[in-house]
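Worksheet for the structure shown next.
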Amino acid sequence: MTSLTSLTIADARDGLRKKAFSAAELTEAYLAAMEKARILNAYIVETPDKARAMAKASDARLAKGEGGPLEGIPLGIKDLFATEGVHTQACSHVLHGFKPTYESTVTANLWRDGAVMLGKLNMDEFAMGSSNETSYYGDVINPWKRRNSNAALVPGGSSGGSASAVAAHICAAATATDTGGSIRQPAAFTGTVGIKPTYGRCSRWGIIAFASSLDQAGPIARDVRDAAIMLRSMASADAKDTTSVAAPVPDYEKAVGRPIKGLRVGIPKEYRVDPMPAEIDALWAKGAAWLKEQGAEIVDISLPHTKYALPAYYIVAPAEASSNLARYDGVRYGLRVPGDDIVSMYENSRAEGFGREVKRRILIGTYVLSAGYYDAYYVRAQKVRTLIKRDFDEAWSKVDVVLTPATPSPAFAPGEITDPVQMYLNDIFTVTVNMAGLPGIAVPAGMSSDGLPLGLQLIGKPFGEETLFQTAAAVEQAAGRFAATPWW
Amino acid sequence: MSVDQATVKRVARLARIKVKDEALTVLANELNSILHWIEQLNAVDVSAVEPLTSVVSMKMKMRKDEVTDGHYPGQVVKNAPAQEDNFFMVPKVVE
């Protein structure tokens, strides 16, 4: 028998129902694998007692022929999700010691469906980063290495712990969040599948806020089917989040394997950036060719405001972050550093609690919202956002889905990118999707010249997740699967 | 537009983040490089465009104005660095 941790969610689900193994055995296999893989620093907190108790409860339900869609499936949870009584700090020192007295809606949905929690996953502090180098708990290591090289690589960010853990098979799948590319970029860097659903599809209640008009939760999984299974459980209409959309959640798994004949796939010319890396360009062309072979129609389209999405994002996201992060003041939770008076207590707590990148973004956000600059920066950026959304609205009259590269490069080394703007450019292909509130999926599609996974991105219409799973499965079928060779 | 050290100091004060004087130059340079990059937005004609207020067109949900949650002050203050009798404790603000 193959090792239990090598099973996809779909396979593990079948094995559990057939009683080929128990949920307790599956969980033990993962706990052992996690212990062996600690060098990756993917988990910041392991919750073995909780995992064992949840697995035991799953076995009891399975024995009675009951159980939800994720019964007994062991998952990792990004540290951004509030988990009752368990460390929840967005990997920031400012939330030192915080253990919520409540559970996020997304994780509550997963537990309702029978999933087992293995622990909390590392991430960039407050989800601000593209390499998982800004975490208070240290860098996460990518399970992938360049061919003939021993050098560590970043897993991408901000959901770096989620992506690394899924790629290393130390959870069956993981929760993640995406504000500008934080699910899709790390998925592309680790050969995993990550989907950011339409804004409003997953409840944001109990997810530590970064930029509220852009934040969305989604899964990172080993393949397209598993991502579909996960999203069905994570998504819900939630009265506790006014931006959560009251539409029924489809059975996304049914879209996997649906033929793509006649599907119109848009290729936006503005995603051919200058300079366009040759292997990214080749991968993109190959993806289009695969879809065409399977009967899709390839249509050249234009999304003229694409190049303005990233600079507009770096106004909108820091502005919202500066407001959302105002709550960390050393009074209600987290770190308190004393001062001469209450203001210096605020200032000292925030100076010591926040890392460099978070401070930088709070300062940018405070500046662009400050008196005299609001119209020049924030209002202008929101107008540009209208134009970005309008570009897509017009494209949907010609195409059903848009195909682009997921990232401009494969994974890089820690410390390789130090200039903030260079780091921000990692999200150049993903950020438009957040700005327009659309769903986007990253699916592994090939390898770089030095043996690292590369991903393609599919962008869908609002609530077009089924089309994304259908099309991503077609890419996956043509490209095959990509798995890191264990060295840990 | 570019920011000088005095502006960084003022913005940091607004954001309630203590910044040491020796860090102001580096911070001003970093912020200027980001702000300079953002300025490419000035090339976009936005004269006839409304700012985006919501990516999904939906009516704001309404519910009855009634208490649906609460009555557990102990849980509310549970994570506070300092608390007493279900109150958050802060340094003296009024003499």
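Just so it is clear, the model here is predicted, and its values are computed rather than measured. Numbers restart at 1 for each chain; the letters A, B, ... are given by sequence-line order, proteins then strands.
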Checklist entry - So which part of V331(A) gets closer than 4.5 Å to some heavy atom of chain B, the side chain, the backbone, both or neither? => result both
Checklist outcome for this item: Heaviest contributor of heavy-atom pairs below 4.5 Å to chain A, chosen from V44(B), L31(B), L52(B), I38(B), is L52(B)
Checklist entry - For Y424(A), is it the side chain, the backbone, both or neither that has a heavy atom under 4.5 Å from a heavy atom of chain B? => result side chain
Item to check | F98(A) ring center near Y333(A) ring center (under 6.0 Å) | outcome: yes
Checklist entry - Does the distance from a Lys or Arg side-chain N to an Asp or Glu carboxylate O, for R204(A) and D241(A), drop under 4.0 Å? => result yes
Next on the checklist: Side chains of E465(A) and T198(A): any donor to acceptor distance under 3.5 Å?
Outcome noted: yes
Checklist outcome for this item: CG of L14(B) to CD1 of I362(A), rounded to nearest 0.5 Å, is 12.5 Å
Checklist entry - Side chain, backbone, both or neither: which part of L27(B) has a non-hydrogen atom closer than 4.5 Å to chain A? => result side chain
Checklist outcome for this item: Turns out that what part of A436(A) lies under 4.5 Å from chain B's heavy atoms comes down to backbone
Next on the checklist: Only pairs of heavy atoms separated by less than 4.5 Å count here; which of V343(A), V379(A), D341(A) has the most with chain B?
Outcome noted: V343(A)
Item to check | Top of L95(A), V384(A), I388(A) for chain B proximity - count of heavy-atom pairs under 4.5 angstrom | outcome: V384(A)
Checklist outcome for this item: One option among T53(B), V8(B), T7(B), I34(B) has the most heavy-atom pairs under 4.5 Å with chain A, and it is I34(B)
Checklist entry - Taking atom types as modelled, is there a side-chain donor on S92(A) or E125(A) under 3.5 Å from an acceptor on the other? => result yes
Item to check | Y378(A) and E320(A): CA distance, side-chain angles, deciding distance, side chain to side chain contact (heavy atoms under 4.5 Å, CB included) verdict | outcome: CA-CA 10 Å; Y378(A) 189 74; E320(A) 294 184 14; 3.9 Å; yes
Item to check | Toward chain B, the part of L310(A) with a non-hydrogen atom under 4.5 Å | outcome: both
Next on the checklist: Tell me which of these, M435(A), R385(A), K383(A), R350(A), has more heavy-atom pairs under 4.5 Å with chain B than the rest.
Outcome noted: K383(A)
Next on the checklist: Ignoring hydrogens and geometry beyond distance, is a side-chain donor-acceptor pair present between S322(A) and R361(A) at under 3.5 Å?
Outcome noted: no
Checklist entry - Do the side-chain N and O atoms of D391(A) and T306(A) include a donor-acceptor pair separated by under 3.5 angstrom? => result no
Checklist outcome for this item: Answer key: most heavy-atom pairs under 4.5 Å with chain B among P420(A), A312(A), S370(A), P462(A) is A312(A)
Checklist entry - Does a donor on one side chain and an acceptor on the other come within less than 3.5 Å for D238(A) and S236(A)? => result no
Checklist entry - What is the minimum heavy-atom distance between I364(A) and P318(A), and which atoms define it? => result CG2-CB, 3.9 Å
Checklist outcome for this item: Of the listed E50(B), K78(B), E30(B), the one with the largest count of heavy-atom pairs under 4.5 Å with chain A is E30(B)
Checklist entry - Atom CD1 of I208(A) and atom OG of S104(A): how far apart are they, to the nearest 0.5 Å? => result 10.0 Å
Checklist entry - What part of H305(A) lies closer than 4.5 angstrom to a heavy atom of chain B: side chain, backbone, both or neither? => result side chain
Next on the checklist: Would you compute the distance between atom CD1 of I315(A) and atom CD of Q382(A) and round it to the nearest 0.5 angstrom?
Outcome noted: 9.5 Å
Checklist entry - Tell me, side chain or backbone of D393(A) under 4.5 Å from chain B's heavy atoms, or both, or neither? => result neither
Next on the checklist: Please classify the contact between S244(A) and chain B as side chain, backbone, both or neither, with a heavy-atom cut-off of under 4.5 Å.
Outcome noted: both
Checklist entry - Are E270(A) and K307(A) close enough that some pair of their side-chain heavy atoms sits under 4.5 Å apart? => result no
Checklist entry - Do R13(B) and E347(A) sit within salt-bridge range, that is, some charged N less than 4.0 Å from a carboxylate O? => result yes
Checklist entry - Which bit of V93(B) is near chain A, if near means a heavy-atom gap under 4.5 Å: side chain, backbone, both or neither? => result side chain
Next on the checklist: Checking an interface table here. Which of residues 67-76 of chain B come within a heavy-atom distance under 4.5 Å of chain A?
Outcome noted: Q75(B)
